[in-house]
Amino acid sequence: MRLPLFIILCLTILFSSCSQYQQVLRKDDMGKKYAFADSLYRIGKYKKGLKLMEQLVPAYRGKPQGEKLMFIYANTYYNLEDYYLAGYQFERFTQAYPQSDSVEIAAFKSAKSFYQLSPRYSLDQKDTDKGLEKLQEFINQYPNSDKRAEANTLVAELRNKLEKKEFEVAKQYLHVEDYKAAIGAFDNFITDNPGSIYRKDAFYGRFVAAYKLAINSIPVLVQERLRDAKVYYNNFIKYYKDTDLAPEAMEFYQDIESRIVPLETEPTI
């Protein structure tokens, strides 16, 4: 079977290019390696270019060409979605070339690399904390950057993730019927996250936990805990009386009122 001329031509170019790449990779001519690595980077052949750059970076450290090389080296890792090494290499670039025209974008991409490493909310959030730290450093250092709006958006996303994790922990305490722990966790959440989108649910969760703690307590503690739950209801309804959770909260509150004994009629112990 004869291959069409176009396919033969493409295969010839491909094999020729691969052969040239292997020759440059094996030889010690750093100038050729640099030029070839740059051309591969420009056309998006990042994996091939990376092998050359790994040989070039030590050789060009401290030389005029080193600035551009260090930046595209870091950006190659970023484009390959190897965000651990991208963040590290962009940090190295900002430290090595603080006066570079590319230092601002390098600082942003370093911070964004840590943002990219942030896992889903249910996992360990060490990288989320690191991302927040780095993004805030960027915002503080470059307050007039055209990347500031994007950085603020990323910060908001990461903060929301941390809030969701904290909120879900409190919900889990409620789910497993550890009502004291749930009240404490919701209480801490409300204090620590005044602007959270989960704030309404946290107020409601705290009230429900207090209500269930009260009705499941030993008799001697029921009345005191019912009054505590009533306080939490009042806190909830103060801010969220017109929300979707208010009717259900009212049902619990009415049950509290039916169970609670006026202080003046309680027997003395």
Side-chain angles (χ1 to χ4, degrees), residues 115 118-133 135-136 139 149 151-269:
Y115 160 84
S118 174
R120 64 180 183 272
Y121 77 89
S122 58
L123 299 177
D124 186 281
Q125 295 301 303
K126 178 179 65 176
D127 287 324
T128 302
D129 291 331
K130 181 83 168 179
L132 273 172
E133 177 189 339
L135 284 164
Q136 196 59 59
I139 291 167
N152 281 324
T153 298
L154 300 181
V155 165
E157 286 182 27
L158 295 184
R159 283 181 176 160
N160 180 260
K161 188 180 292 188
L162 292 177
E163 288 173 12
K164 184 172 178 61
K165 183 178 178 69
E166 188 178 347
F167 175 70
E168 290 295 331
V169 168
K171 275 179 62 179
Q172 185 62 20
Y173 283 130
L174 182 57
H175 178 71
V176 300
E177 301 180 0
D178 188 345
Y179 300 125
K180 283 187 178 180
I183 293 168
F186 281 126
D187 217 17
N188 290 337
F189 180 89
I190 291 165
T191 301
D192 295 341
N193 304 283
S196 174
I197 61 173
Y198 305 106
R199 188 171 172 83
K200 174 191 71 174
D201 297 276
F203 268 85
Y204 177 75
R206 183 176 64 175
F207 163 58
V208 171
Y211 164 74
K212 292 192 173 182
L213 176 66
I215 65 174
N216 287 284
S217 294
I218 59 175
V220 72
L221 297 176
V222 169
Q223 291 300 310
E224 179 186 353
R225 288 177 174 175
L226 284 172
R227 292 191 186 91
D228 291 340
K230 189 174 178 179
V231 171
Y232 287 131
Y233 171 79
N234 289 332
N235 289 336
F236 168 78
I237 216 69
K238 177 180 178 181
Y239 299 107
Y240 304 109
K241 65 179 180 179
D242 297 321
T243 66
D244 57 322
L245 294 176
E248 189 172 350
M250 175 57 75
E251 290 181 17
F252 290 134
Y253 176 73
Q254 288 171 343
D255 187 51
I256 290 172
E257 288 288 89
S258 71
R259 293 169 182 262
I260 205 163
V261 176
L263 283 171
E264 59 271 17
T265 65
E266 283 187 32
T268 302
I269 298 177

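Computed from a prediction, not measured in an experiment: that's the story for all the values here. Note that these values count all heavy atoms, side chains included, but never hydrogens, waters or copies made by symmetry.
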request  = Output yes when K171 and D201 qualify as a salt bridge under the 4.0 Å nitrogen-oxygen rule, no when they do not.
outcome  =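 No, this pair does not count.
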query = Looking at K164 and E168, does any basic side-chain N land under 4.0 Å from a carboxylate oxygen?
reply = yes
First locate atom [atom1] of [X], then atom [atom2] of [Y], and finally report the distance between them rounded to the nearest 0.5 Å.
| X | Y | atom1 | atom2 | answer |
| --- | --- | --- | --- | --- |
| K238 | K241 | NZ | NZ | 12.0 Å |
| T128 | L123 | OG1 | CG | 9.0 Å |
| E177 | L213 | CD | CG | 11.5 Å |
| F186 | T191 | CZ | OG1 | 13.5 Å |
| K161 | L158 | NZ | CG | 6.0 Å |

Which heavy atom in [X] sits nearest to a heavy atom in [Y], and how many Å separate them?
| X | Y | result |
| --- | --- | --- |
| S118 | Q125 | OG-OE1, 4.1 Å |
| S217 | R225 | OG-NH1, 2.8 Å |
| A210 | I183 | CA-CD1, 3.6 Å |
| Y232 | R206 | CD2-NE, 3.3 Å |
| K200 | F236 | O-CE1, 4.0 Å |
| S196 | F189 | OG-CZ, 3.3 Å |

task = Give the intermediate values and the outcome of side chain to side chain contact (heavy atoms under 4.5 Å, CB included) for residues M250 and Y233.
result = CA-CA 8 Å; M250 175 57 75; Y233 171 79; 3.2 Å; yes
task = Let me see the working for I215 and L226 under side chain to side chain contact (heavy atoms under 4.5 Å, CB included), right down to the final yes or no.
result = CA-CA 7 Å; I215 65 174; L226 284 172; 4.3 Å; yes
Mutual orientation of the aromatic rings belonging to F252 and Y211 [parallel < 30°, tilted 30-60°, perpendicular > 60°] =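 Tilted: the ring planes of F252 and Y211 meet at 30° to 60°.
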Is any side-chain heavy atom of [X] less than 4.5 Å from a side-chain heavy atom of [Y]?
| X | Y | result |
| --- | --- | --- |
| E133 | D129 | no |
| D255 | R259 | yes |
| F207 | I256 | yes |
| Y173 | Y179 | no |
| N193 | Y198 | no |

request  = Would you please indicate if the ring centroids of Y204 and Y240 are separated by under 6.0 Å?
outcome  = no
query = Donor-acceptor pair, N160 side chain versus A156 backbone, under 3.5 Å?
reply = no
L132 vs L162, side chain to side chain contact (heavy atoms under 4.5 Å, CB included): CA-CA, chis, key distance, verdict = CA-CA 10 Å; L132 273 172; L162 292 177; 3.4 Å; yes
